[in-house]
Amino acid sequence: MDTLTRFELRKIMRRRSFYAGIIILGVMVIFATSVLVTGADITGKDGKELKGLAAIPLRMEYDRRLAGPLTAEKVTDAVKRYQKVMRDPKNLNEKGEITNEPYAKYIVKDYQITGLIRSAFSPVREYNYFIIDKLKPNDAKTFYQKRMEKVNGYLNYDYSYGNYSDKDKVFFIKMNESIPVPFQMDYVTGWENVFENLQFVFLISAFVIAICLAPVFAGEYQSGADSIILSSRYGRNKLIAAKLKASFIVSMGLLILSLSTYTLLMLVIFGFDGGSASVQMIDLLAPVPYTVLQTYLWSVFIGGLACLLVGAVTLWLSSRMRSPFPVIIAIVLFLIGPLFFPASKSSRLFNHMMDLLPGNMIDSFEKVTGYEVFHILGQLIPEYKAMAGFSIIVIALLLPLSYRAFKKHQVV
Amino acid sequence: MLELTLNKVNKHFSTKKAVNGISIRLNSGVYGLLGANGAGKTTLMRMICGILNPTSGTIQMNGQEIDRMGERYRDLLGYLPQDFGYYPDFSAEEFLWYVGSLKGLTLRASKGKARELLRTVALEEVARKKIRTFSGGMKQRLGIAQAMLNDPRVLVLDEPTAGLDPKERVRFRNLIADLARDKIVILSTHIVSDVEYIADQILVMKQGGLLMTGTVEQLTATIEGCVWSCHIPPREVEVWNARYCVSNLRHEGDRVELRIVSTDKPADQAAAVPPTLEDFYLYHFQDEPAVGIGEKK
């Protein structure tokens with residue numbers, strides 16, 4: 001690393017805003033984790049409710065039992081087990097509802113697989129809890145077929161904001177057909193919880209990146225150091241490159257810090273299992289042929305790019321505004337504003353455009369596992385890949401603009 | 001041989017003409033910029049440093065436009081801006097290493113030069129202290145040091161003596177005198193006596209234009225016969241103050257000696273005295289904001 005980049009890094013990292021950002025990140029990551037830990041619950045073997053950390057090992061134990069391929073036999077057995085319990089009058093109360101003891105003993109154990117069955121056999125855009133009661137053991141063999149029917153139903157649904165075109169439908173059907181079957185089951189609660197608050201962690205990371213990068217150029221204008229910098233030999237070339245490099249390093253550092261802390265904390269608490277399970281264990285209709293770990297990596301890639309995009313916009317604004325404060329205000333509006341903007345009821349294109357804003361892009365798990373496709377130059381590109389391309393292009397455009405704005409800055 | 005040429009340089013801010021058609025040729029030597037607040041000194045210095053583009057006109061170094069020279073010109077330049085920013089979390093030596101790197105010095109060279117300059121500006125003992133703990137004068141000395149890091153051929157100093165105590169000012173004047181050989185040094189100061197001591201040539205600016213240039217003797221000669229000394233009773237001081245531009249007032253027993261700048265002889269008993277640069281300033285800027293003599297803007 002060259003000397004100027006080291007100095008620029010030092011400048012960013014010695015500001016109070018940097019320390020404040022690290023503290024905000026730490027507190028928010030702990031908050032995001034603790035909310036899910038305290039929210040964990042399961043009915044224990046004795047019928048008593050287990051909450052928080054106590055609930056985790058039992059869920060893990062139950063889900064691990066069924067780890068492996070989700071075969072038709074496994075589905076059939078689960079349906080049989082469920083119906084056997086539900087059809088035994090000893091297990092029911094006067095109202096016909098299952099009593100606590102058999103629920104704890106049998107039903108809770110199969111919670112993951114019965115959830116998948118309910119999801120596959122429920123009508124489109126519905127989750128019918130009681131559908132499993134009506135299934136015949138033979139129906140279980142059609143699990144994957146039913147799932148595909150549901151995908152078809154989803155694609156052929158009449159949406160107020162625009163329906164899928166025939167090309168779109170073919171595209172998503174093909175994507176779904178590329179998913180290896182049978183799906184791989186495993187205990188995935190750790191990863192599921194990682195995905196749960198990933199958007200929040202990205203949002204906070206993007207905010208902290210913006211706080212740290214806002215003074216990179218604007219701070220020089222505000223303090224008056226721009227006079228010395230711009231009149232010095234390397235002030236209009238190497239220094240700007242060093243500022244951009246240092247900003248990238250800091251952004252990456254903050255992202256790695258927040259994501260690794262959050263992911264490790266969550267997985268240490270909830271368990272590392274499930275990385276090689278199919279992502280359909282978390283979202284049955286997800287059209288991507290990825291494992292949970294691959295989906296995590298894609299989500300991190302998309303969310304990370306969204307944060308870097310926020311960093312690039314921050315630098316650009318910083319190069320054009322005279323003080324870091326309005327830069328932070330503008331970035332907060334830019335980042336959080338789209339979250340309050342309702343999706344259009346009439347235009348899918350508008351929704352696609354809105355999705356390209358970092359505030360929406362950081363909901364990366366939803367984007368990777370969603371059914372949105374962009375039509376670009378006759379090609380159909382899944383939304384999450386279009387987002388990646390868009391971010392890279394915009395970052396590549398904004399950095400030279402920031403470079404130029406500082407280089408051409410006039411000290412008035 | 002250095003030659004910095006300004007050719008019909010203008011700078012307009014919307015309707016205001018901050019610098020108005022300045023043409024001058026500067027060779028090695030110390031040039032003092034003198035003018036009231038808003039006369040255009042800082043704007044002119046910024047344009048010379050290339051951090052503000054002229055609206056029209058050219059600035060050339062040895063025949064080449066400074067804008068086109070880019071890095072080569074900036075390599076020749078040392079600049080102390082007025083009220084410039086420091087990085088409060090940097091120590092004095094770190095700040096100089098940073099500026100040294102900006103100026104193209106290796107870190108090793110920066111460290112050596114920083115040590116030498118910190119000694120020169122008497123900040124050696126606080127070299128490792130954070131700049132946030134420095135007084136205004138200490139910051140100003142650090143600013144002077146950073147301007148000299150690359151041994152510049154063109155040194156532009158905007159209010160370099162602001163915040164310095166009299167001893168520091170003397171030290172600074174000697175430093176400049178020492179450095180000025182084979183360099184173009186352009187400085188503005190609100191303390192007329194500093195310009196008087198340091199500058200070989202004085203550039204007098206008024207309302208964006210160059211009013212006059214010359215040595216102290218040449219400038220003061222232009223108001224020869226316009227500075228008077230007279231003695232009056234103390235009770236008349238207010239009347240005289242209101243009527244004339246009084247550059248000095250001194251009580252002598254039961255009389256008061258007034259020094260008056262006026263084209264007309266103020267009284268029969270008034271005697272013409274040799275003018276100083278301060279008198280010259282008052283003569284030309286008596287209607288302007290009084291920052292040119294002893295007060296900071």
Side-chain angles (χ1 to χ4, degrees), chain A residues 1-22 212 215-243 245-246 250 318-319 322-324 403-412, chain B residues 11 13 18 42-43 45-55 66-67 69-91 94-95 97-111 130-132 143 146-147 149-150 152 154 156 158:
Chain A
M1 198 190 300
D2 58 283
T3 313
L4 279 173
T5 307
R6 279 206 299 274
F7 274 117
E8 287 305 323
L9 270 176
R10 210 177 289 183
K11 274 162 71 178
I12 296 174
M13 291 168 72
R14 281 196 188 169
R15 284 196 190 102
R16 283 176 189 162
S17 55
F18 180 78
Y19 296 114
I22 297 284
C212 292
V216 167
F217 296 112
E220 309 289 13
Y221 305 151
Q222 189 185 37
S223 71
D226 54 347
S227 299
I228 289 186
I229 290 171
L230 291 168
S231 62
S232 64
R233 183 177 171 184
Y234 292 146
R236 288 171 189 259
N237 40 43
K238 286 185 180 176
L239 175 91
I240 310 176
K243 279 182 178 293
K245 267 190 259 177
V250 167
S318 177
S319 71
R322 304 222 158 236
S323 148
Y403 186 103
R404 192 182 145 81
F406 189 72
K407 182 177 178 169
K408 299 280 175 193
H409 173 71
Q410 299 282 294
V411 180
V412 179
Chain B
K11 184 68 195 179
F13 296 111
T42 296
T43 303
M45 288 180 145
R46 284 176 179 164
M47 288 193 287
I48 289 172
C49 291
I51 57 172
L52 184 64
N53 293 335
T55 307
I66 61 167
D67 201 31
M69 287 177 75
E71 196 178 303
R72 279 186 298 127
Y73 176 68
R74 295 196 298 274
D75 197 26
L76 301 174
L77 197 64
Y79 178 39
L80 170 68
Q82 195 181 7
D83 300 327
F84 83 98
Y86 298 84
Y87 304 114
D89 295 317
F90 273 35
S91 67
E94 268 179 320
F95 176 70
W97 300 344
Y98 171 64
V99 178
S101 303
L102 271 176
K103 293 182 176 225
L105 273 63
T106 62
L107 191 57
R108 194 174 172 175
S110 286
K111 285 183 175 181
K130 292 264 165 75
I131 302 176
R132 69 163 78 248
Q146 68 76 27
L149 265 171
N150 57 332
V154 179
V156 181
D158 198 353

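Note on naming: letters A, B, ... go to the chains in the order of the sequence lines (proteins, then strands), and numbering restarts at 1 for each one.
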Item checked: Minimum-distance pair of heavy atoms, taken over all atoms of A:C212 and A:V250 -> CB-CG1, 4.4 Å

Next item on the list: Below 4.5 Å from any heavy atom of chain B, which atoms of A:T3 appear? Answer side chain, backbone, both or neither.
Entry: side chain

Item checked: A:A246 versus A:E8, closest heavy-atom pair with distance -> CB-CB, 3.7 Å

Next item on the list: Identify which part of A:R6 has an atom lying under 4.5 Å from any heavy atom of chain B, answering side chain, backbone, both or neither.
Entry: side chain

Checklist line | Residues of residues 216-223 of chain A within contact distance of chain B, non-hydrogen under 4.5 Å | finding: A:E220, A:S223

Item checked: Atom group of B:E94 that falls short of 4.5 Å from chain A, counting heavy atoms -> both

Margin query: Using a 6.0 Å cut-off, check whether atom NZ of A:K238 has over 12 heavy atoms from anything other than its own residue.
Written below: no

Next item on the list: Using side chain to side chain donor-acceptor pair (under 3.5 Å) as the criterion, list what pairs up with B:R72, not counting sequence neighbours.
Entry: B:Q64

Margin query: Here's a test for you: under side-chain hydrogen bond (donor to acceptor under 3.5 Å, both in side chains), which of A:H409, A:R322, A:Q410 qualifies with A:D226?
Written below: A:H409

Item checked: Residues, nucleotides or ligands: over 12 heavy atoms within 6.0 Å of B:D67 CG -> no

Check: So, are B:R132 and B:D89 salt-bridged, with charged N and O less than 4.0 Å apart?
Finding: yes

Checklist line | Interface moiety of B:L107 toward chain A, non-hydrogen atoms closer than 4.5 Å | finding: side chain

Notebook entry, point to check: Once the angle between the rings of B:Y87 and B:F90 is folded into 0 to 90°, is it parallel (under 30°), tilted (30 to 60°) or perpendicular (over 60°)?
Noted result: tilted

Check: When heavy-atom pairs shorter than 4.5 Å are enumerated against chain B, which of A:I228, A:L230, A:L239 gives the highest number?
Finding: A:I228

